[in-house]
There are 2 protein chains.
Amino acid sequence: MKNKNQKPANRNEKNPLPSENETQIVQLLLKCGLFLQRAMNQVCQRFGLKQQQFSVLNEIVLHGPISQKDLGEKLLFEKSNVSKIVNILSEKKWIRVVVAPHDGRLTLLSETPEGIAVWKKCMQAFHESSSKFISVLSEYEAVNVIKLLKKLQKAFKRK
Amino acid sequence: MKNKNQKPANRNEKNPLPSENETQIVQLLLKCGLFLQRAMNQVCQRFGLKQQQFSVLNEIVLHGPISQKDLGEKLLFEKSNVSKIVNILSEKKWIRVVVAPHDGRLTLLSETPEGIAVWKKCMQAFHESSSKFISVLSEYEAVNVIKLLKKLQKAFKRK
DNA sequence: CTATAAAAGTTTCCATGTCAACCAAATATT
DNA sequence: AATATTTGGTTGACATGGAAACTTTTATAG
């Protein structure tokens with residue numbers, strides 16, 4: 001509330017330097033991502049989960065028995081990170097881990113009843129919180145954002 | 001390339017469960033944020049910077065003498081994090097730190113010539129890399145994304 | 001004009017994400 | 001068939017981001 005008066009420095013007004021569109025988009029995404037990660041971590045923590053752990057659990061619940069490889073590719077997680085998260089979730093008995101029958105390298109992950117239980121509770125909180133954050137967008141804008149982010153995210157996969 | 005054949009499991013096709021728009025947006029933003037953070041970290045690292053350190057340096061270069069408080073608010077960084085980053089940047093002599101004359105609690109940060117030098121180089125690499133990632137969007141889509149993300153990001157500030 | 005509260009930064013502790021090196025199973029090569 | 005390469009997953013070292021407690025300066029109260 002006092003920034004303006006405190007420093008009439010014309011320095012601030014020097015060309016906001018719109019900076020190329022692409023750079024700006026990346027910077028905005030980084031900013032939003034960082035903030036949401038913090039916020040969603042707090043939400044999930046109420047259920048004994050970190051945000052990333054919830055994402056993994058969510059993926060397992062929604063997309064059935066899935067391998068760590070596929071998980072990593074879908075969520076764009078580092079594979080070592082996936083491995084650790086899987087360990088934590090399976091220690092808590094929220095997921096089951098079995099070796100794939102046809103390929104001894106693959107581990108197939110599936111949810112347990114307890115896993116579904118926490119997933120449901122956490123998902124509800126997650127959604128409530130998300131709604132609060134996204135409420136500034138109109139329905140139309142929201143749909144639009146989804147379309148654009150999906151396009152981007154798909155491009156990330158192979159770079 | 002072989003995912004499809006390897007697992008014809010109909011489990012995967014069970015209702016993609018579109019999940020509410022808001023949740024989906026948050027999840028997409030988290031995903032993009034995580035990925036870009038990793039990618040941009042690598043880019044910046046070539047110049048001895050982490051992505052977040054670059055963001056701070058960038059803010060200081062563009063928006064003149066600024067306090068840690070303002071920095072944190074603008075970038076949505078935790079204040080402890082800002083403090084550490086400022087330390088690192090000032091140790092490398094890329095920024096100057098002085099106590100504000102009218103308020104002994106505030107520290108005013110400004111860039112050094114060396115700071116500007118690395119900033120320029122890093123910014124160029126940052127932009128090149130960003131362009132690669134964002135190239136899937138048309139000019140129109142890019143402008144649109146910026147508008148929407150800015151709206152979101154502004155809403156985050158006060159939650 | 002002291003005493004209390006608030007604000008800006010700092011420090012500490014902890015969890016965790018990343019990278020690189022590694023292991024084991026499966027493919028490819030000869 | 002035997003070896004080499006690739007692939008999925010694990011492990012360990014390391015740095016770092018976040019929450020909370022703490023210090024110091026400023027603002028408020030009585």
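Heavy atoms only: backbone and side chains are in, while hydrogens, waters and symmetry mates are out. In this text, all values refer to a predicted model and were calculated from it rather than measured experimentally.
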Between A/D103 and A/K84, whichever has its closest DNA chain C nucleotide further toward 5' is A/K84
In numerical order, the residues of residues 45-52 of chain A whose heavy atoms come under 4.0 Å of DNA chain C are A/K50, A/Q52
Would you mind reading off the distance between [X] atom [atom1] and [N] atom [atom2], rounded to a whole angstrom?
{"X": "A/I88", "N": "D/dG9", "atom1": "CD1", "atom2": "C1'", "answer": "16 Å"}
{"X": "A/N81", "N": "D/dA13", "atom1": "CG", "atom2": "C1'", "answer": "16 Å"}
{"X": "B/N87", "N": "C/dT10", "atom1": "CG", "atom2": "P", "answer": "6 Å"}
{"X": "A/K74", "N": "D/dG8", "atom1": "NZ", "atom2": "C1'", "answer": "18 Å"}
{"X": "B/L106", "N": "D/dT24", "atom1": "CG", "atom2": "P", "answer": "17 Å"}
{"X": "A/Q37", "N": "C/dG17", "atom1": "CD", "atom2": "C1'", "answer": "9 Å"}
{"X": "B/L108", "N": "C/dA8", "atom1": "CG", "atom2": "P", "answer": "13 Å"}
{"X": "B/K79", "N": "D/dA20", "atom1": "NZ", "atom2": "P", "answer": "12 Å"}

What nucleotide among [options] has an atom nearest to a side-chain atom of [X]?
{"X": "B/S83", "options": "D/dT16, C/dT10, D/dT11", "answer": "C/dT10"}
{"X": "A/I85", "options": "C/dG17, D/dT26, D/dG18", "answer": "C/dG17"}
{"X": "B/E78", "options": "D/dT10, C/dG17, D/dA19", "answer": "D/dA19"}
{"X": "B/Q53", "options": "D/dT16, C/dA25, C/dA7", "answer": "D/dT16"}

Phosphate OP1/OP2 of [N] contacted by [X] side-chain N/O (<4.0 Å):
{"X": "B/R38", "N": "C/dT18", "result": "yes"}
{"X": "B/Q42", "N": "C/dC19", "result": "yes"}
{"X": "B/S80", "N": "C/dT10", "result": "no"}

Parallel, tilted or perpendicular: which describes the rings of B/F156 and A/F35, with under 30° parallel and over 60° perpendicular?
parallel
Would you mind checking if [Y] and [X] are paired as a salt bridge, meaning a charged N to carboxylate O distance below 4.0 Å?
{"X": "B/E114", "Y": "B/K92", "value": "no"}
{"X": "B/K132", "Y": "A/E22", "value": "no"}
{"X": "A/K69", "Y": "A/E73", "value": "yes"}

hbond_proxy A/K69 side chain to D/dG8 base (donor-acceptor, 3.5 Å cutoff): no
Can you see whether B/Q51 engages B/S55 through a side-chain donor-acceptor pair at a distance of less than 3.5 angstrom?
yes
CG (A/N144) and NZ (B/K147) are apart, to the nearest 0.5 Å, by 9.5 Å
d(A/L36 CG, B/L28 CG) to nearest 0.5 Å is 11.0 Å
